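Working notes, beginning with the structure itself.
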There are 2 protein chains.
Amino acid sequence: MTNVPEVFWTKYDSYIFDADGVLWRGKNPIPGSSTLVNALIDAGKQVIILTNNSTKPLSSVLSKLKKLEYTSVSEKNVVTAGIVTADYLAKKKSNLPVYLVGSEGLKSTLEEYGVKSFGVGPDPITQYTDETILSNIDFKTPVSAVVTSFDSHVSYAKIMRAANYLNNPEVDFVVTNEDATFPGDVPGVVIPGSGVVAAAVKTASSRVPKVMGKPSEYMINYIIETYKINPAKTVMIGDRLDTDIQFGNSHGLDTILTLTGVHTQTEVDKAIADNRLDLVPKAVISSIFALMK
Amino acid sequence: MTNVPEVFWTKYDSYIFDADGVLWRGKNPIPGSSTLVNALIDAGKQVIILTNNSTKPLSSVLSKLKKLEYTSVSEKNVVTAGIVTADYLAKKKSNLPVYLVGSEGLKSTLEEYGVKSFGVGPDPITQYTDETILSNIDFKTPVSAVVTSFDSHVSYAKIMRAANYLNNPEVDFVVTNEDATFPGDVPGVVIPGSGVVAAAVKTASSRVPKVMGKPSEYMINYIIETYKINPAKTVMIGDRLDTDIQFGNSHGLDTILTLTGVHTQTEVDKAIADNRLDLVPKAVISSIFALMK
C-alpha cells in the first residue's frame, strides 16, 4: 500500500474511526491519534468515532476523549452501539420497560432516549434456593424487549430471566454487539465481551437477536440517516476484520486495518486464503501514526 | 408405527433410556416407567439409563431411582455425561487439576475417578473492582483442562478464568453436554442447561470443546467399551431429537421418541421436511407406557 497519507487526506469527506484498538488501547492512547483526529475535524472533514463498546454513556466517552487531548471532538463526533440501541428502542415507543443484561452506563444511555430499563447490577443465584428458583425469579413483569450487552454481573438468574421473557415471541431481542472479547491493557489476557452474554442468552432462548453494533445494518443506517454520509467518499479505520472491516466493506466504504488492536496480518492473509473478501481491508497500516501528513 | 410392544420386547438385547423427559419429568415419574425398566432387567435384558444430566453424582441418581421404585436397577445400569467426562479425564493421567465450571455433584463424580478440580460455587464479580479484576482473578494456577457443565453460579469471573486458561492451547476443553435447556416441572418455564455455559466459554475463548454427552462419539464409545452392546440389537428411547435420537441414529441403534419431554411431533415433521434424517426417530410413542406388554 503506497501513499496512504496522500489518498487519505484527499479522497474522503467522512472518516469513521473505531476507538478501542485504533485510537487507544485500554487506558493507553495510540501515538498520533488525537493529533490526526483534531486535524481532520479542523480541516472541515466529517469525523465519526464509532464504537461497539456501550458500557459508558456518551458523557464518559467525551471525558475520556478530552483527557486524551481530542480537543476538537464534540458530542456529534461519537456514536456507540449503545446510542444506536437506545435510538432503535425509543422509536418503538413502548410504555413497557426493557430487561437489560448490561452495564450502568448503557442504562444511562437508554434513559437519555427515554427508554426505561431494569436488571442492571448483581442478581446472584445465591439468593435463591433449589426449591424456590422457579417461583422466585421474576419473569412475570411485562417487558417490551430483552437487551444484552457487556455485563460483568452476568449470572444464571439473569440468563434464566432473559430466556423466559424471550419465551414470549412479542418480546424483542436486541443485542448491542457480538464482540467476543475486548482488547485489554494487559497483553495475553482475554477479556470476555458482549458476545459472551449474547451467546448465553441465544442458547438458552433459541431466539435470533437484532444486533445493533458493527457490522450490522442498524449501525450504518443510523449513520447514513444522522450524518448523511456518502459511502463512496467515506473510509472506515478499524482493528477487527469481523466488525470494523466487514462493516465498511459490506456498506461500500473504503477500509483500513490498523495493527494496534485485535487482528494481525496473519488474519488478513487467512481471510484472503479463505476467499472471505468481505473481511479483507483495502489497506493495512502498522498504526494510525502512518496516516499523518 | 404398529406393534411397537411386540417388536420392542423381541428385537433387542440392549435398551438405552434417556432419563429426564422419558422416565420422569423433574420430580414427577412418567407412569409405567419403573415397571417397564424393572421388567426388562428381570427378563435378562441389558438396560442402560443414559443421561446428559451430570449435576448429580451416581449415588444421588440411584437414590432417586430407588425412591421412584426402580427396584431392579443398580449402579451398572446408569451412565451420566459426568461419568463419561470423569473417565475421559482420568485416562489422561494428569497430575494437574481441572478448572470446573459446574456443580458440586460433578465435582464428586470427578473425585470418584481420581480427578481433582476447583472452581465450584459462587465466584461473583462483586469481590473484584474495575481496577483489580485483571490482576486479582486467578488464572495462573496450572490446569490440565477446563470442564464446563450446568452451573447455577456461572459468572463473568468464571467465564473469564475459563477463557484465560484456554488461551494456552495445551489446556484441554471438555464439556459434559451442550443441552440448551432442561425439561422442568413447570410447563412453559425455560431452565437454562449446560449448553448455555458451554456457549459462553466457547465464545470467550474461541476454542472448540470435546463434548462428552449425547450425541457425541465419546458417550457411545464409552458404552460400547463398557457394556459390549451390539448396536444392531440396541434401541435408544429418548425425548430430544438433537441429543437422544441423533445419538441413536448416528451410531446404528434403533430409535424411539417419546412425547413426554422436550420435543413434539411438530419437530419430527420439521426434521422430515428439512431432510434431517439423522434427527428422525424410527418410531414415535405418546409415552413410555405404550411400550408395556
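Proteins get letters first, then strands, A, B, ... in listed order; numbering begins at 1 in each. The shown structure was predicted, so the numbers you read here are calculated from the model rather than taken from an experiment.
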Which atom pair, heavy atoms only, marks the closest approach of B:Tyr156 to A:Asp151? CD1-O, 3.9 Å

Heavy-atom closest pair (B:Val190 atom, A:Ala163 atom, distance to 0.1 Å) is CG1-CB, 3.9 Å

Checking A:Phe150 against chain B: side chain, backbone, both or neither under 4.5 Å from a heavy atom? side chain

Would you give the length of the straight line joining atom CG of A:Asn164 to atom CD1 of B:Ile191, rounded to the nearest 0.5 angstrom? 8.5 Å

Identify the two heavy atoms, one from B:Asn167 and one from A:Gly188, that lie closest to each other, and give their separation to 0.1 Å. ND2-O, 2.9 Å

Atom pair CE (A:Met160) and OG1 (B:Thr181), whose distance is rounded to the nearest 0.5 Å: 11.0 Å

Between A:Ala199, A:Gly195, A:Ala204, A:Pro192, the one whose heavy-atom pairs under 4.5 Å with chain B are most numerous: A:Pro192

Heavy atoms from other residues, nucleotides or ligands near NZ of B:Lys270 exceed 12 (cutoff 6.0 Å): no

